Chemist: 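One structure follows; several queries about it will come next.
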Amino acid sequence: MRLSDPIFTTLDPDQRRAVLHDAGPLLLVAGAGSGKTRAIVARIVRLIRDGVPARSILGITFTNRAAGEMRERVAKALAPGVESSIGDVLARSFDRAPGTTEVPWLGTFHAFGAILLRRHGGRIGLSPRFVIYDARDQHDVLKRILKELNVDEKKFPPTKFAWLIERAKRDGVSVEQAALSAGWRVVTTAGQVGKAYDDALVEAGAVDFTDLIRLPVTLLRGAPDVLTEVRSEVRHLLVDEFQDVDGAQAELTALLAGGADSFCAVGDEDQSIYGWRGASAEPMLLFERRFPGAKVIHLSTNYRSRAAILSVAGALISKNRSRREKTILPAREGGELPAVAVYADQEAEAQEVAAAAAREIRGGVAPTEIAVFYRVNAQSRAIEDALRMLRIPYVLRGALSFYERAAVRDAVSYLKWFLHPDDAVSLKRLLKFPRRGVGEVTLNKAREAARREGIPPSEALARIPNLAPLFSFRTLWLEELPQMSPAEALHALLKGAGYLDALEAAAREPGEGREGAGREEDLEHVRELFRVAETFPGAGEDGLLEFLEKVTLAADEAGGEESEAVRLMTLHNAKGLEFDVVFLVGLEDGLLPHSRSLDSPHDIEEERRLLYVGLTRARERAFLSLARRRNLFGSYRETVPSRFLYDLPASLMRRTDGALPEPARPGKGFSGAPPPDHRMRLYGEPRYEDAEPSGRPRKVRHPVFGEGKIEAVEGEGNDRKVIARFPVYGLKKILVRAVTMEFFE
DNA sequence: CCCCCGTCAGCTGGT
DNA sequence: CTGACGGGGG
C-alpha cells in the first residue's frame with residue numbers, strides 16, 4: 001500500500017489508526033470537526049488500494065448530501081480529474097457495474113434498503129415494481145382510512161397515527177403494542193388503522209420510508225440464503241452518524257456487520273439530535289458490549305473551530321449528564337469568543353443579523369461561508385425579509401425541496417399511478433389537475449363496486465366514462481415503455497395524459513394575478529423534472545423506477561448548492577456542515593430549547609446538543625442572539641432568554657450591547673438566574689429540569705464558581721436554592737432551577 | 001362535481 | 001398570519 005498519497009500523509013495518528021484498522025468491529029468516536037469524513041474516505045481508499053474489491057465496500061450515511069460528498073471525495077482520490085461525473089454513476093453502482101471505475105456503494109440507509117427490496121423483496125411478497133410513499137402520501141392514505149373507520153380526526157389526527165405506525169415498525173412490534181406502550185386509550189382502533197394502512201399500501205404496491213428499513217430486516221432474518229448472499233457481497237461496512245441510528249437501523253447494521261470482514265461505526269453522542277425520530281445513541285454507547293472485541297478510537301483534535309469557540313461549545317455540552325466525558329483539543333488557537341446580542345423583536349434581530357452578514361461579506365468573507373441557523377423553519381421568514389432588504393442573496397436549505405413542489409408532486413403522482421393503477425392516493429391527486437369531472441363520490445362508488453365483485457379497484461375505475469381515455473392511454477404507454485428512456489417515458493406520459501397541455505394552457509392564460517404566475521412557475525418545475533429525468537440512463541420500467549426512487553428519496557437536494565449566497569437552515573440541517581461565520585438566532589426558552597422539550601430533562605439535553613452542533617459548525621466566528629418579543633400566530637409575546645445561555649461561563653461570553661437581560665449578580669454576566677419575569681412565557685408555563693439533588697449531596701459543581709461545599713438548602717420546587725461556599729467566589733446562594741449544576745458527595 | 005369563502009386551529013425536527 | 005376544512009351555491 002502506498003501511504004505517500006496526500007490523502008494519507010495529512011492524517012493525524014488517531015485518524016491513521018482508524019484508516020489502518022484491519023478486521024473486526026471498530027467504533028470511531030469522532031467529535032465535531034475532528035476530520036471524520038477525511039478518515040472515512042481515506043479508509044475506503046486504503047481498502048481499495050489494498051486490493052479489496054470496491055464493490056464489496058458498503059458505506060451508509062444519513063443523508064444523500066453526506067453520501068454525495070463522500071462519493072465525490074472517494075472518486076477524486078481514486079480517479080483524479082473525473083470527479084463529479086463519477087459521483088452520479090456511483091449512486092447506482094450497486095446494482096450494475098457502470099463502465100467506469102470500480103467504486104464502492106455509498107448511500108443512505110433508505111436507498112440501500114430500497115435496493116435490497118428491489119432485488120429480494122419477492123421473498124416477502126413484495127413486487128419488484130413497488131413505489132415509495134413519502135410522508136405526504138402516507139398522510140393522505142391515513143386520512144382516507146380515518147374517514148372510513150369514522151375516527152374523530154380532531155382527537156386523533158393522521159399525523160399521530162403516522163407517528164405510531166412508524167414507531168411500531170421501527171421497534172418491530174405490532175401497532176397495537178406500540179399504542180399500548182405509548183399509553184393510548186384507543187388501542188383497538190389503532191390496530192384497525194394499522195391494518196387498513198398496511199392493506200392500502202399493499203393494494204397500491206407501495207412501501208413507506210420506515211418499510212425501507214424494517215422490511216430488509218424482516219427479509220434478512222427470514223431468508224438465510226439471502227442473508228448469506230448479501231453478506232458475501234458486503235465485506236466491509238461503514239456506518240456514519242452512528243449516534244443517530246434507530247432501532248431498525250441498528251438491527252440492519254448488526255445483520256450486515258455480522259458477516260463482514262470489517263465494520264466501522266462512526267459517531268459522536270454529543271451530536272445525537274434525532275431522538276424524536278426514534279434514534280438513540282445507545283447502540284454506540286453499548287458498542288463494545290454488542291460487538292465483543294471491538295476496537296475504539298477517539299478522534300479528539302478539532303481542526304475546524306477556533307479555540308475560543310470550542311471553549312464555549314465545550315462548556316455548554318459539559319452540562320449534559322448523559323454523555324461520556326471526552327477531550328477536544330483545538331488545533332486552531334485564538335479566535336473571537338462568541339457574542340450574545342439581545343434585540344427588541346425578531347425583526348430587529350433579523351435586521352442586525354443581515355447587517356452583520358453584510359459587514360462580513362464586505363470584510364472579504366464569501367457569502368457561502370456565512371450561515372444562519374434557527375430552531376424551526378418558521379423563523380426563516382424574518383431573516384429572509386431582512387436579507388432581501390439588503391440585497392444579500394441567500395438560499396434556504398431543506399425547507400421546501402424541489403421534489404415537494406406542487407407540480408413536481410403532480411407529475412410524480414401520474415408516474416406512480418401509471419405504474420400502479422390501484423394507487424388510490426396518487427389517483428386522487430392526479431384527478432385534481434386537469435379536472436376530469438371525477439371526484440371522491442365517483443371513486444368511492446367504483447371502489448365499492450370492486451369490493452362487491454371481488455375485482456381490483458382499477459378494473460372498476462376503468463369503467464368510469466371520464467377515466468376511460470386515461471386508462472386506454474395507459475395501455476398504449478405501457479406498450480411503448482420498454483423502448484423509452486426515463487425522460488421519454490415521463491414526457492410521453494404527461495403529454496398523453498393531458499397534464500402537460502393543460503399546464504401550458506394555464507401558464508399562457510393572461511396573468512390573472514397569482515393564478516397565471518403560479519402556473520408558469522409550475523410549468524418551469526415540470527421542465528426541471530424532465531431535465532433531472534434526462535440524467536437517468538436505461539430504458540423501460542427499471543430506469544423509470546430508479547428515477548422515481550431518486551425523486552422520492554432525495555428530499556435534501558433543494559439545489560442552489562453552488563450559488564454565491566448566504567445559507568439559511570434549521571439546526572438539524574446544519575449537522576455535518578461548516579462555515580466561517582455562523583449566526584444562531586432565537587435563543588429563547590420555548591424556541592431553543594423548544595417548548596415541546598421543556599418537561600423532560602432528557603429532551604432538554606437533546607436541545608442542548610442541538611445548540612452544540614450549531615456552535616461547532618463555526619470556524620471563525622459565532623454570533624448568538626435572541627429577541628425579547630417574538631411574533632407568534634400574528635401577535636407579539638414576551639420571551640425569556642434561553643436557559644442554555646446561563647450554561648455558558650460568563651467569563652467566556654462576549655456581550656455585544658447594553659440590552660442584555662439583567663444579570664442576577666452585576667458583573668457576572670450569564671452566570672445568574674434568568675430575569676424575574678419568567679411567568680411571561682412564549683409557549684406557556686415551563687417546567688424546569690429536575691435538578692433536585694439525589695441522596696444527600698454535600699458538594700456542588702457550578703459552571704462558573706466551580707466546586708463548592710453545600711452549607712444549606714432552602715425553598716421548595718421551583719424556588720429551591722442552595723447556599724454553597726466556593727473557593728474563589730465565597731458564599732453564594734443559587735437558584736437550583738436556573739443553573740445546571742452537578743451534585744455529588 | 002367544483003369553486004368560493006368563512007371559520008378555525010396551528011409551529012419542532014427529516015429519510 | 002397561513003393552511004385546512006366544511007358548508008353552501010352554481
Side-chain angles (χ1 to χ4, degrees), chain A residues 60-67 107-114 132-140 143 147 153-154 157-159 162-163 166 169-170 207-214 241 244-246 248-249 272-279 373-382 397-401 403-404 406 431-445 464 466 515 549-558 569-576 586 590-598 603 606-607 609-610 613-614 630-637 682-683:
Chain A
I60 299 179
T61 59
F62 254 71
T63 62
N64 292 301
R65 191 189 76 218
T108 62
F109 268 112
H110 294 86
F112 175 69
I132 300 165
Y133 267 16
D134 64 13
R136 177 73 181 269
D137 298 324
Q138 191 181 37
H139 188 258
D140 292 347
K143 264 188 96 153
K147 214 165 257 167
E153 275 190 55
K154 289 272 145 56
T159 49
W163 176 85
E166 193 178 322
K169 287 180 183 175
R170 241 175 14 222
V207 301
D208 64 22
F209 274 4
T210 319
D211 286 332
L212 291 177
I213 314 294
R214 185 81 253 167
E241 306 283 9
D244 276 331
V245 293
D246 65 30
Q249 289 165 337
S272 160
I273 54 174
Y274 286 104
W276 50 271
R277 197 209 54 189
F373 300 152
Y374 36 81
R375 179 63 177 82
V376 303
N377 279 312
Q379 284 171 269
S380 75
R381 181 167 292 182
R397 103 158 281 135
L400 190 64
S401 88
Y403 298 110
E404 289 167 294
L431 286 177
K432 292 227 158 95
F433 191 86
R435 302 280 171 188
R436 292 168 206 273
V438 177
E440 206 54 38
V441 180
T442 314
L443 288 182
N444 282 339
K445 261 187 221 152
I464 299 172
N466 285 1
E515 282 294 303
E549 195 164 295
K550 158 94 176 176
V551 166
T552 315
L553 293 180
D556 62 338
E557 281 169 42
M569 68 192 82
T570 63
L571 283 162
H572 282 92
N573 253 305
K575 191 157 76 163
L591 211 46
L592 184 67
H594 194 269
S595 55
R596 305 269 270 248
S597 311
L598 290 180
D603 291 352
E606 182 156 310
E607 298 284 309
R609 288 194 289 272
L610 212 39
V613 165
R630 190 166 289 277
N631 194 334
L632 189 72
F633 303 141
S635 65
Y636 279 93
R637 316 272 180 93
L682 197 52
Y683 305 85

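Just so it is clear: chains get the letters A, B, ... in the order the sequence lines come, proteins before strands, and each one is counted from 1. Since the structure is predicted, the reported quantities are computational estimates derived from the model, not experimental observations.
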Chemist: With centres under 5.5 Å and planes under 30° as the test, does Trp276(A) stack with dG13(B)?
Modeler: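 So Trp276(A) counts as stacking on the base.
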Chemist: Can you name the atoms? Protein N/O to nucleotides 7-10 of chain B N/O, anything below 3.5 Å, with the distance.
Modeler:
none

Chemist: Strictly below 4.0 Å: does Thr63(A) bring a side-chain N or O up to OP1 or OP2 of dG14(B)?
Modeler: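 For dG14(B), neither OP1 nor OP2 has a side-chain N or O of Thr63(A) closer than 4.0 Å.
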Chemist: Whole angstrom is fine here: how far is it from CZ in Arg637(A) over to C1' in dC11(B)?
Modeler: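 Between C1' of dC11(B) and CZ of Arg637(A): 12 Å.
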Chemist: Indicate whether any N or O donor in one side chain lies under 3.5 Å from an N or O acceptor in the other, for Trp276(A) and His594(A).
Modeler: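 No, no side-chain donor-acceptor pair sits under 3.5 Å.
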Chemist: Who pairs with Glu607(A) by salt bridge (Lys or Arg N to Asp or Glu O under 4.0 Å), at least two apart in sequence or on another chain?
Modeler: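 Partners of Glu607(A) under the salt bridge (Lys or Arg N to Asp or Glu O under 4.0 Å) test: Arg375(A).
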Chemist: Looking at Arg381(A), I'd like to know whether one of its side-chain N or O atoms comes within less than 4.0 Å of OP1 or OP2 on dC1(C).
Modeler: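 So the side-chain polar atoms of Arg381(A) never come under 4.0 Å of the phosphate oxygens OP1 or OP2 of dC1(C).
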Chemist: Rounded to whole Å, please give me the gap between CD in Gln379(A) and C1' in dC11(B).
Modeler: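 Atom CD in Gln379(A) sits about 10 Å away from atom C1' in dC11(B).
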Chemist: Which residues satisfy the salt bridge (Lys or Arg N to Asp or Glu O under 4.0 Å) test with Asp208(A), sequence neighbours excluded?
Modeler: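 For Asp208(A) the salt bridge (Lys or Arg N to Asp or Glu O under 4.0 Å) partners, ignoring immediate neighbours, are Lys169(A).
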Chemist: Nucleotides 2-4 of chain B: which of its N/O atoms have a protein N/O under 3.5 Å away?
Modeler:
| from | atom 1 | to | atom 2 | distance (Å) |
| --- | --- | --- | --- | --- |
| dC2(B) | OP1 | Gly437(A) | N | 3.1 |
| dC3(B) | OP1 | Arg435(A) | NE | 3.4 |
| dC3(B) | OP2 | Arg435(A) | NE | 3.4 |
| dC3(B) | OP2 | Arg435(A) | NH2 | 2.9 |

Chemist: Using salt bridge (Lys or Arg N to Asp or Glu O under 4.0 Å) as the criterion, list what pairs up with Asp603(A), not counting sequence neighbours.
Modeler: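 Partners of Asp603(A) under the salt bridge (Lys or Arg N to Asp or Glu O under 4.0 Å) test: none.
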Chemist: Starting from P on dG14(B), measure out to CZ on Arg65(A) and report it in whole angstrom.
Modeler: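 Taking atom P of dG14(B) as the reference, CZ of Arg65(A) is at 11 Å.
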Chemist: Glu166(A) has an atom CD; how far is it from atom P of dG14(B), in whole Å?
Modeler: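 It is 13 Å, rounded to the nearest whole Å.
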Chemist: Find which nucleotide of DNA chain B each of Thr442(A) and Ala378(A) is nearest to by heavy atoms, and output the residue with the more 5' nucleotide.
Modeler: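 With Thr442(A) and Ala378(A) compared, the 5'-side residue is Thr442(A).
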Chemist: Between atom CG in Asn444(A) and atom C1' in dC1(B), what is the gap in whole Å?
Modeler: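 The answer, rounded to whole Å, is 14 Å.
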Chemist: Tell me, please, which residues at least two apart from Asp244(A) pass salt bridge (Lys or Arg N to Asp or Glu O under 4.0 Å).
Modeler: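 Testing Asp244(A) for salt bridge (Lys or Arg N to Asp or Glu O under 4.0 Å), a comparison that skips the adjacent residues, returns Lys575(A).
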Chemist: Quick one: does any side-chain atom of His110(A) pair with a main-chain N or O of Ile213(A) as donor and acceptor, under 3.5 Å?
Modeler: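 Checked: no pair found.
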Chemist: Would you give the length of the straight line joining atom CZ of Arg609(A) to atom OG of Ser272(A), rounded to the nearest 0.5 angstrom?
Modeler: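 With rounding to 0.5 Å, CZ (Arg609(A)) is 4.5 Å from OG (Ser272(A)).
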Chemist: Go through it in stages, so that I can follow the logic: the residues are Leu591(A) and Gln379(A), the test is side-chain contact (heavy atoms from CB on, under 4.5 Å), and I'd like the CA-CA distance, side-chain angles, deciding distance and then a yes or no.
Modeler: CA-CA 10 Å; Leu591(A) 211 46; Gln379(A) 284 171 269; 3.6 Å; yes
Chemist: Can you tell me the distance, in whole Å, between the CG atom of Asn377(A) and the P atom of dT2(C)?
Modeler: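 In whole Å, dT2(C) P and Asn377(A) CG are 16 Å from each other.
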Chemist: Give one of base, sugar-phosphate or nothing for Phe109(A), where a contact means two heavy atoms less than 4.0 Å apart.
Modeler: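 The answer is nothing, as Phe109(A) stays clear of every strand by at least 4.0 Å.
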Chemist: Indicate, with a heavy-atom threshold strictly under 4.0 Å, whether Gln249(A) touches base, sugar-phosphate, or nothing.
Modeler: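 Touches nothing.
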Chemist: Quick one: CG on Asp140(A) to CG on Asp134(A), what's the gap to the nearest 0.5 Å?
Modeler: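 Atom-to-atom, Asp140(A):CG and Asp134(A):CG are 9.0 Å apart.
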Chemist: Are OP1 or OP2 of dG14(B) and a side-chain N or O of Asn573(A) less than 4.0 angstrom apart?
Modeler: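 So the side-chain polar atoms of Asn573(A) do come within 4.0 Å of the phosphate oxygens OP1 or OP2 of dG14(B), strictly under.
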Chemist: Please give, in whole Å, the distance from dG14(B) C1' to Leu571(A) CG?
Modeler: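 Atom-to-atom, Leu571(A) to dG14(B), this comes out as 14 Å.
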Chemist: Check whether any side-chain heavy atom of Thr61(A) lies under 4.5 Å from a side-chain heavy atom of Phe109(A), and answer yes or no.
Modeler: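 A side-chain contact under 4.5 Å is absent here.
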Chemist: When the distance from CD of Glu607(A) to P of dG13(B) is rounded to whole Å, what number comes out?
Modeler: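 Rounded to the whole Å, the gap is 11 Å.
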